S.K.: 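This is the structure I want to talk about, given as C-alpha cells.
The model shown is predicted, which means the values in this text are computed figures rather than measured ones.
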Amino acid sequence: MKTEERVLKYMEQHGSITQKQANDDLGCSRLAEYIRRLKEAGFPIIGEWKTGENRFGEPTRWKEYRIA
C-alpha cells in the first residue's frame, strides 16, 4: 500500500490527520507532500491551522487535514 493510500485511509477512519499522528501512526514524515499528491489526484482535502501549547507551555501551531 502506498503512503498516500495509508494517509487517505487514516483520514477516513479517524476523521482527520496531523503531522504528529502521521509520524506516530504511519511512520510518515512528509505529510504535506502526500496531502498535495492526494489533492492533485482529485481528493477534496482541506487543511486547518490549529493552535495550542507545546510541552514547555509555549505557543505553537500545526495543520490538521481532513476530507471535505
Side-chain angles (χ1 to χ4, degrees):
M1 180 182 293
K2 294 173 112 180
T3 303
E4 292 95 330
E5 294 168 339
R6 286 189 188 102
V7 169
L8 187 60
K9 186 175 181 180
Y10 190 96
M11 286 189 291
E12 290 171 346
Q13 291 176 342
H14 299 277
S16 64
I17 191 169
T18 65
Q19 180 61 63
K20 180 165 180 10
Q21 292 168 326
N23 280 334
D24 293 349
D25 299 340
L26 304 177
C28 170
S29 60
R30 298 177 56 219
L31 179 61
E33 172 62 18
Y34 297 113
I35 293 294
R36 183 188 67 77
R37 291 179 190 178
L38 288 167
K39 285 180 174 182
E40 284 182 355
F43 291 95
I45 297 172
I46 58 173
E48 180 181 347
W49 284 104
K50 302 288 185 171
T51 59
E53 292 182 348
N54 65 17
R55 62 183 167 178
F56 304 108
E58 301 163 338
T60 188
R61 67 183 195 145
W62 62 95
K63 206 162 202 182
E64 181 180 85
Y65 299 97
R66 64 183 171 86
I67 300 169

S.K.: Return the set of residues passing side chain to side chain donor-acceptor pair (under 3.5 Å) with Lys2 (not counting sequence neighbours), or none when no residue passes.
M.R.: none
S.K.: What are the two closest heavy atoms between Val7 and Leu38, and how far apart are they?
M.R.: CG1-CD1, 4.0 Å
S.K.: First locate atom SG of Cys28, then atom CD1 of Ile35, and finally report the distance between them rounded to the nearest 0.5 Å.
M.R.: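 It is 8.5 Å, given to the nearest 0.5 Å.
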S.K.: Supply the atom-to-atom distance Leu31 CG to Leu26 CG, rounded to the nearest 0.5 angstrom.
M.R.: 8.5 Å
S.K.: Between Arg6 and Glu4, does any NZ, NE, NH1 or NH2 come within less than 4.0 Å of an OD or OE carboxylate oxygen?
M.R.: no
S.K.: Mind checking the CD1-NZ spacing from Ile17 to Lys9? Nearest 0.5 Å is all I need.
M.R.: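 Reported to 0.5 Å precision, the distance equals 13.0 Å.
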S.K.: Quick one: pull up OH in Tyr10 and OG1 in Thr18 and give me the separation to the nearest 0.5 Å.
M.R.: 7.0 Å
S.K.: Please determine which of Lys20, Gln19, Gln21 meets the side chain to side chain donor-acceptor pair (under 3.5 Å) test together with Asn23.
M.R.: Gln19
S.K.: Below 3.5 Å, can you tabulate the donor-acceptor pairs from side chains in residues 55-68 to any protein atom, sequence neighbours excluded?
M.R.:
| residue | atom | partner | partner atom | Å |
| --- | --- | --- | --- | --- |
| Glu58 | OE1 | Asn54 | ND2 | 2.9 |

S.K.: Glu12: what forms a side chain to side chain donor-acceptor pair (under 3.5 Å) with it, not counting sequence neighbours?
M.R.: none
